[in-house]
Structure formats: structure tokens, C-alpha cells
Number of protein chains: 2
Amino acid sequence: MVYSQVVDTTKTQKAARGEGPRERLLRAAGTLTYREGTHVGIDAILTSADVARRSLYQHFGGKDGLVAEVLRETSERTEQGYADALASGGDDPRTRLRALFAHLEKLPDAPGYRGCPFVNADLSLADPAHPAHDVIRAHKRRLRALIEAELRAAGHPDPVTAGVQLVLLIDGAAVTAASRPDERPAAAASALAELVISQTAPAS
Amino acid sequence: MVYSQVVDTTKTQKAARGEGPRERLLRAAGTLTYREGTHVGIDAILTSADVARRSLYQHFGGKDGLVAEVLRETSERTEQGYADALASGGDDPRTRLRALFAHLEKLPDAPGYRGCPFVNADLSLADPAHPAHDVIRAHKRRLRALIEAELRAAGHPDPVTAGVQLVLLIDGAAVTAASRPDERPAAAASALAELVISQTAPAS
DNA sequence: CCATCGGTAGACCGATCGGTCGATTCACTA
DNA sequence: TAGTGAATCGACCGATCGGTCTACCGATGG
């Protein structure tokens, strides 16, 4: 079943002391669920976090709770990154959106890039009642709202549809980058996004 | 772990007799891996297909071989659907591409729709050496080539990039439709695709 | 008539899954 | 200093995983 051995059981997280078991668990689970998928075994997470089995259940109630919490905290950091990227674009909502896509365009170049952690988890967890789905939906909804607000500020004729389109481009680029990075999908998505953004100023 | 009981162990496939074990296995595995994800147990597939355990290993060598073969055969049917959709658009490559997106736009309305089976499998199988990845990449590459040929025939200035963009739109729409169908992403993607297609005739 | 062969049935394997629990250690604080 | 609660270790649970194996069945064809 396993063709390549990528699971590294060594306690890489042990250096990150000073953090409590909860933090170590979240960090290890975040790393492993992203790299190996949400189906990593609990034991691998516990070993990597150097945390007792019982602590997991005391803090998160179980694996599903841990996975959901990992995504929740990841969404906070991610959205902070979005906000920073937008801010770097100044005051003009169009340049702000361009800055956001410039930020997103850099992500696939990161060493261990495997696509969007939210999309990956969403598609990996077949059970529609898994608590992670709500977390993911909420995150994507906030992203869409963020973009929609910029589009509205820019006077886009249909900011709702355009918001859906831009998030769709982001997710599509992430999926493609994870599978076929040679197509450079991030750049292709940014070019398409530019078409949407420029709809706000038909006669530039 | 399981919040909703969607696994139906009843031998729904038993009616499909006349087919050999191999066909029944492929049919059952296709249905179950799409509905439950690629992590369905082998026993569920065997029960649903009403096939002996040994037949699976004789025909496909193991679960991974079965999953890969399911995707391979699914890709044939899917690409036939693409070809038919294109053909329904007549001779003009632009109307052919529009017909293709019209075809794709109908897919999410199907009852058990859960997104693109290839994207889902690709993101669910964390092991990069799983044989299914090659099948999936090949399928998406053929789709891209199909689209690229139409764009080239239409005289698009950059058919390669535009091909990547249209496939990216398709995958992004599938991912979004599986998670947040209320956003009607297929329509949003088609509208964006129209922008790409119309680049072929700047002064329509 | 019997040998072969694809299929079935089902026991069985080691490994791993998520989860529970008792016993112990440790740091902090009252 | 004694007590308390959090975190530790590790045994243990039933279930399930993918995979192997033996035995049997029935049709086909020499």
C-alpha cells in the first residue's frame, strides 16, 4: 500500500519546548495531516508531538476534534496572511486584490507545498458530518467575503459572482499546483483574476 | 469517527449479473470510492460487488491496482463525454468549447455529485507513488490537450496558457461544487471561461 | 471421464486503527 | 510540606485494515 516511505517518526517537534502539550499536538498534527493527509494515524501524531495519548483526548476529545482545531487555527493564520497581503496593496482595492494574488502566487514555491490544506482536508474527509467541514466552509466564506468587499469597493458590477470566481480561481490553482506544478497554475490563475479585477474599470 | 451512516452494505450490484467478477468489482469500487472516498475498506467493495476476495487479487493485484483501474476506465467514459459535448457544438471551435462548458455545468446537478472523481482521488491519496496519480495526471493532460486543440483552432493567441486556465476553471468549479454548491460555481466558471474563449475573437 | 480453471467461501495473518484506562511522575501552590 | 491537577507511560480494548491461504464448486473441453 505504501510505495514511498515519507513518514518520519523522529520527534522533530521535541525541540519546540516551552510549548504545552496542546500546542505541540496542534503543531505536529498540522504538519503531519498536511504532509500525509488527514488519515495519518494518531500514533504518528503523538510520537511526533512527544505527547501522551491521554492528553489528546483531554484537550480535543479525539482525533476529529484535533483535526478540526488544527484547521481552525490554520485558518486564523492564513486569513492574517490574506489581510497582510491586501494591506500591502495600499488603498486602491484593485491593487490590493492584485497584491493578494501576488501573495498567493508565491505559495506553491514553498518546499513541501501540497496544495490548500483546507481543500485537501475537505476532499479527504468523506463523512459530510465531520466537524472539519464546517471549519473549512467558514474559512472559505470569510475569504470570499474579504474579496467581495474589495470588489464592491472597487465598484465591480457584480461583486458576488466575481467573489465566487476569484475564490474558485484560488482553489483551482491550489489543486492544480499540488498535482501538476509544471503547468504553473498560479500564474495562469492570476492572469484570469486580472481579467475579473479589470472589469471594475472597463475604460482604464 | 463516523458521524453519518452512509455505508450501504446491501448487495445493490447483485442485479447487474451477466457481468463477470471483474466488471462487478470495477462498478462497485467506482461507486464506493467516489461516494465514500478512496479509503473505503476492501470488504465493503467485495460485499457490494458480491465477489470473492481472491478475485480482486487475481484481477487487479490488490486494492491499489483496483483503484487505479477504476480511474482508468472512468477516464475513458469521461473523455468520451467530453468528445460528445464538443461534437455537439458543431464545427466552430468556440461554440464547441461553449458546448463543453455547458455540459460540465450540468454535472453538479446530478444526485450524488461529490466533485471530480479524479481530483478527489488525487488529493485523498497522500502517497505520491500511488499508481492512481499517473492515471489522473494522464487524464487531466488529455483534457488539457483536447481544449488546447480547440483554442488553437480558434486562433487563440496563447492556447497553452488558456488551456491550463480552462482546466483550472473546471477543477476549481468541481472542488467548489462539492463543498459549497450554493455558490453555483459551475456557472461562475463558465462565465470566466467565456472570457477566455472570447479572447480568440477580440472584435466579435 | 476426468483434468483444468475461474470463481466462491471463509478462515486466518500481522498490522494498525481510534479510543479507554490504571498507575506514575512532575510542577506548582496552598 | 502536603496536596492537587496536569501530563506522562504503556498496557489494553474491539474493530478493521490489506493481504494470503486452503478447500470446495461448477462449467468447460480434451
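Chain letters run A, B, ... following the sequence lines, proteins first, then strands; residues in each count from 1. The structure presented is a predicted model; accordingly, all values stated were derived computationally and were not measured.
Of the candidate nucleotides dG18(D), dT8(D), dT8(C), dG18(D) has the atom lying nearest to any side-chain atom of Lys63(B). In the set dG18(C), dG18(D), dT8(D), the nucleotide with an atom closest to the side chain of Val51(A) is dT8(D). Set against dA9(C), dT20(D), dG18(C), the side chain of Ile42(A) has dG18(C) as its closest nucleotide. Checking dC21(C), dG18(D), dA7(D) against every side-chain atom of Ser55(A), the shortest atom distance belongs to dA7(D).
Computed from coordinates, the Leu56(A) CG to dC9(D) C1' distance equals 15 Å when rounded to whole Å. In this structure, Leu46(A) places its CG atom 10 Å from P of dT8(D), rounding to the nearest Å. As a whole-Å value, the separation of Asp43(A) CG from dT20(C) P is 14 Å. The nearest whole Å value for the distance from the CZ atom in Arg53(B) to the P atom in dG6(C) is 21 Å. Between Tyr57(A) atom OH and dG10(D) atom P the separation is 18 Å, expressed in whole Å. Summarising the geometry, the separation between NE2 on His39(B) and P on dC17(D) is reported as 12 Å, rounded to the nearest angstrom. For the pair Leu32(B) CG and dG18(D) P, the computed distance is 12 Å after rounding to whole Å. Gln58(B) has its CD atom 13 Å from the P atom of dC21(D), to the nearest Å.
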Exercise for the section: For Asp158(A) and Arg152(A), run salt bridge (charged side-chain N to carboxylate O under 4.0 Å, His left out): C-alpha distance rounded to whole Å, both residues' side-chain angles, the deciding distance at 0.1 Å, then the answer. Expected result: CA-CA 8 Å; Asp158(A) 187 354; Arg152(A) 188 166 277 116; over 6 Å; no
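A sub-4.0 Å separation between OP1 or OP2 of dA7(D) and a side-chain N or O of His59(A) is present. The side chain of Arg54(B) contributes no N or O atom lying less than 4.0 Å from OP1 or OP2 of dC12(C).
Identified under the ring-ring contact (aromatic ring centres under 6.0 Å, His included) test for residues 71-129 of chain B, with sequence neighbours left out: Phe118(B)-His139(B). Judged as a ring-ring contact (aromatic ring centres under 6.0 Å, His included), not a single pair has a partner in residues 167-189 of chain A (not counting sequence neighbours).
Ion pair Asp122(B)/Lys140(B) not flagged as a salt bridge, since none of the NZ, NE, NH1 or NH2 atoms sits closer than 4.0 Å to an Asp/Glu carboxylate oxygen.
At least one donor-acceptor pair closer than 3.5 Å links the side chain of His133(B) to the backbone N or O of Leu125(B).
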